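Below: one structure, written as structure tokens.
A, B, ... follow the sequence lines: proteins, then strands. Residue 1 opens every chain. Only a predicted model underlies this, so the values are computations on that prediction, with no experimental measurement involved.
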4 protein chains.
Amino acid sequence: MKLSDKKMRKKKEDILLSAIKVVNKKGPNGATMEDIAAELLMTKGSLYYYFKNKEDIIFQCHEMVLTEATSDIVDCQNGNGTNEEKLLNMIKTHIRYAIEKKEIFNMMIKPGEMFTEVQLNQILHMRNEYALKFDETIVKGIASGEFVSEDPVLTRMMILGAMNWIQQWYRPNGKKTINEIQEIYAASLLKLLK
Amino acid sequence: MKLSDKKMRKKKEDILLSAIKVVNKKGPNGATMEDIAAELLMTKGSLYYYFKNKEDIIFQCHEMVLTEATSDIVDCQNGNGTNEEKLLNMIKTHIRYAIEKKEIFNMMIKPGEMFTEVQLNQILHMRNEYALKFDETIVKGIASGEFVSEDPVLTRMMILGAMNWIQQWYRPNGKKTINEIQEIYAASLLKLLK
Amino acid sequence: MKLSDKKMRKKKEDILLSAIKVVNKKGPNGATMEDIAAELLMTKGSLYYYFKNKEDIIFQCHEMVLTEATSDIVDCQNGNGTNEEKLLNMIKTHIRYAIEKKEIFNMMIKPGEMFTEVQLNQILHMRNEYALKFDETIVKGIASGEFVSEDPVLTRMMILGAMNWIQQWYRPNGKKTINEIQEIYAASLLKLLK
Amino acid sequence: MKLSDKKMRKKKEDILLSAIKVVNKKGPNGATMEDIAAELLMTKGSLYYYFKNKEDIIFQCHEMVLTEATSDIVDCQNGNGTNEEKLLNMIKTHIRYAIEKKEIFNMMIKPGEMFTEVQLNQILHMRNEYALKFDETIVKGIASGEFVSEDPVLTRMMILGAMNWIQQWYRPNGKKTINEIQEIYAASLLKLLK
DNA sequence: TATGAATGAGTATTCATTCAT
DNA sequence: TATGAATGAATACTCATTCAT
């Protein structure tokens, strides 16, 4: 029925969230089914009621994370304002992800060992979809004269790369607040499009 | 004597190189001692003649890689030319690493699960030493009026981050040659210091 | 609940008993997890469901054995009769152990390699507790004029030592029955307290 | 030649002595060829020049130890004095062994895992030869009216057992000197023959 | 005579997966 | 729907043994 369907979906999501946490701490190979289950006060056997196997869990983690992030970025894109304003929003959103949802974010940028060719391609494809949102905005900005770039894709790569690196050094009690980082990065990175 | 010492050292290096390859393909947890040995037509048992355990091998991989890369960057720093020219060289060197020694490079930027606190700190310290070379050059460039930056360290983070991301998308038969990438990145990233 | 708790406890005990057998035949180092499991028609992997590791199993073997034996000796001590009668009972009980539960007994008198300092001390402490029961009875017997000994502890050492040696030579089909051995030893060893 | 023959014999003995030490600390299974070699500043490979394999080393350890001890006991037997005096000497000699050559002694009383039937029987036979020396003296003492015993063999078992236990509790800095222990044990144990 | 190097069989341990209940 | 229990394949590591030099 609908009810148990919802429960099922909720539980699945819980498991995925738990898996994300564990995978981020120990890596996909280091994370054990027991780790994932323990977080939820379940036993590892139960996980198999919801997922086919470990690979399946890890894969759906990536899927969930990328879907959510893409949706947020699309929201920026569909908002009001100039292309520059939109891109600034997208940059800030991405940075917020990198910092506040470090675990989820990490999964977005590391395809991770363990997958079959097919699965890996699927994930990389989704990741590319995400990146395309940035490209679209940049290209529109170039068309409207807001931006300048000889190679928009390469420029986007630089922008995303610079931001993805944040989670490598960011520490909660560091000198800069999230806001400051967002502002400085946004301002600086826009220079790449001038 | 010296002879067997050299042989020993050579063998150790061979093992580390093999380990780097395997770790890059399967991650530190996925890489097995057998994988590492097979590459060299050895049996896993033999590895223990040269290294204490797997952890030891993986750690020394990182150590070797970072030492080598730092040495190359220091060479750029000690060369002739303005600070801008030096930084350009460092950027090109870093990009060459990211592309041509993808495996080694990957190890430089992913601390990886599996280490003890002590070991991890040691590795992060070495990585920081590497980054400091960039900072030094940037700071000198600011002093000499070549560069402008409110926050040199943050700017360096952007520059390195942008470059580190290259190995995520670079494909040997892509549209851009290594040279082109080096030029475009160098030119673009310098904008962050203007 | 209680049911599965009991099953668990039963299984653990079975494993310990199997381990005792194997350890006695091959020594603690020679005994393999596979040996221990095979006896119970299990696979070695299953043992880890019940115990943390091999060391844990071996340690708990000693613990179980010493607890049981001490309890039997305390029963003798709490019985009726003179101190001489009590000591005779204790001697006979100890001999019965040495002969009938040779395997368990062996574990009582050989601390065995493989333990950490802490564990070894714990075991030696339990063994000492056991021996103290003999001392108490001897001392009371001296106080009551039944026994004579300049050094009760040393005398107890002789008595226990003499008995512990039995399992080195006793063979089921030998000339003496268990009963005869018990009688002869009890009578002879009491001479040490006269 | 004679010279290299002697060297060979000396080296073999050194190896056996080293093996005895190690086996006593770690048990026959826990002792590694490397341990044995290290003590002598050799490499494990070299041991195979002197002995066929590990089993061979351990076996010859037992052989050496038992031969030496038996020779000492025979000396007591061949000395002057009454049978009681001889037995007292044998007891003191045995105790000295148990205390001063604890490692060697230990090997005498623990046949140890690891042997083939044939080897084990050979060792047990030698051990029996050693015990027979005590029996002979006791029997002669009974014949001469010095001793009384219904079952000389059983009495000898008690005497040896009591002494063998000493190395389980003796500590170099304990309350009793070796001399005192020898005297008390000798005096007490003779009671078993009265 | 000794050793450096390699090997391979064995061992403890982990863990994804299964399944009866 | 969940779990307790078991399994077996994989994996790090050890060590006796071999052998060319």
Side-chain angles (χ1 to χ4, degrees), chain A residues 4 7-8 11 28-37 40-58 114, chain B residues 1 3-5 7-8 11 26 29-37 40-58 114, chain C residues 1 3-5 7-8 11 29-37 40-58 114, chain D residues 4 7-8 11 29-37 40-58 114:
Chain A
S4 64
K7 266 193 190 170
M8 165 72 90
K11 197 89 190 183
N29 274 297
T32 74
M33 294 297 272
E34 205 149 18
D35 290 335
I36 296 170
L40 302 166
L41 306 180
M42 301 171 79
T43 57
K44 57 183 169 178
S46 313
L47 298 180
Y48 290 85
Y49 184 78
Y50 298 95
F51 295 93
K52 195 166 147 266
N53 53 27
K54 185 180 166 182
E55 198 180 286
D56 189 25
I57 292 180
I58 308 282
M114 153 171 302
Chain B
M1 316 274 155
L3 183 66
S4 65
D5 240 41
K7 265 192 189 170
M8 165 72 86
K11 197 86 190 189
K26 312 197 179 179
N29 275 298
T32 75
M33 294 298 272
E34 206 150 15
D35 290 336
I36 296 170
L40 301 166
L41 306 181
M42 299 171 81
T43 58
K44 57 184 167 177
S46 309
L47 297 181
Y48 291 87
Y49 185 77
Y50 297 95
F51 295 92
K52 195 167 147 272
N53 53 27
K54 185 179 166 183
E55 197 180 288
D56 190 23
I57 292 182
I58 308 283
M114 151 168 302
Chain C
M1 318 272 156
L3 183 67
S4 64
D5 241 40
K7 266 192 190 170
M8 166 72 86
K11 197 87 190 188
N29 275 298
T32 74
M33 294 299 273
E34 205 149 16
D35 290 335
I36 297 170
L40 301 166
L41 305 181
M42 299 171 82
T43 59
K44 57 184 168 177
S46 309
L47 298 182
Y48 291 86
Y49 185 78
Y50 298 94
F51 294 93
K52 192 167 151 271
N53 53 27
K54 186 178 164 182
E55 197 181 288
D56 189 24
I57 292 181
I58 308 283
M114 152 168 302
Chain D
S4 64
K7 264 191 190 172
M8 164 73 90
K11 198 87 190 184
N29 274 298
T32 73
M33 294 298 271
E34 206 149 17
D35 290 334
I36 297 170
L40 302 166
L41 306 180
M42 301 170 78
T43 57
K44 58 182 169 178
S46 312
L47 298 181
Y48 290 84
Y49 184 79
Y50 298 95
F51 295 92
K52 196 168 146 265
N53 52 27
K54 185 180 168 183
E55 197 181 287
D56 189 24
I57 292 180
I58 308 283
M114 153 171 301

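Residues Lys54(B) and Ala31(B) share a closest heavy-atom pair of NZ-O, 2.7 Å.
Here the C1' atom of nucleotide dT14(F) and the NZ atom of Lys52(B) are 14 Å apart, to the nearest Å. Per the geometry, CG belonging to Asn53(D) stands 14 Å off C1' belonging to dC15(F), to the nearest Å. Residue Tyr48(A) contributes atom OH, which lies 4 Å from atom P of dT17(E) at whole-angstrom precision. For the pair Tyr49(A) OH and dA16(E) C1', the computed distance is 20 Å after rounding to whole Å. Rounded to a whole Å, the CE atom of Met42(B) is 12 Å from the C1' atom of dG4(E). The separation between Leu47(C) atom CG and dC15(E) atom P is 17 Å, rounded to whole Å. The distance between atom CZ of Phe51(B) and atom P of dA12(F), rounded to the nearest whole Å, is 15 Å. Rounded to whole Å, the distance from NZ on Lys7(A) to P on dT1(F) is 8 Å.
For the pair Met33(D) and Ile57(D), the minimum side-chain heavy-atom distance is below 4.5 Å. Looking only at side-chain heavy atoms (C-beta outward), Tyr49(A) and Met42(A) stay at 4.5 Å or farther from each other.
For Asp56(B), the side chain to side chain donor-acceptor pair (under 3.5 Å) partners at least two apart in sequence or on another chain are Gln60(B). With sequence neighbours left out, Thr43(D) forms a side chain to side chain contact (heavy atoms under 4.5 Å, CB included) with Ser46(D). Every side chain to side chain contact (heavy atoms under 4.5 Å, CB included) that Thr32(C) has, sequence neighbours left out, goes to Glu34(C), Asp35(C). Scanning for salt bridge (charged side-chain N to carboxylate O under 4.0 Å, His left out) contacts around Glu55(A) gives an empty result, with sequence neighbours left out.
Distances shorter than 4.0 Å separate some side-chain N or O of Ser46(A) from OP1 or OP2 on dT3(F).
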Under 3.5 Å between N/O atoms: give me all the protein pairs with nucleotides 9-11 of chain F, atom names plus distance.
none

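Pairing analysis of DNA chain F (Watson-Crick: purine N1 to pyrimidine N3 plus N6-O4 or O6-N4; G-U wobble: N1-O2 and O6-N3; both under 3.5 Å) yields stems of 3 or more pairs at E:2-21 with F:2-21.
Two residues, Glu55(A) and Lys11(D), neighbour DNA chain E, and the one matched to the more 5' nucleotide by heavy-atom proximity is Lys11(D).
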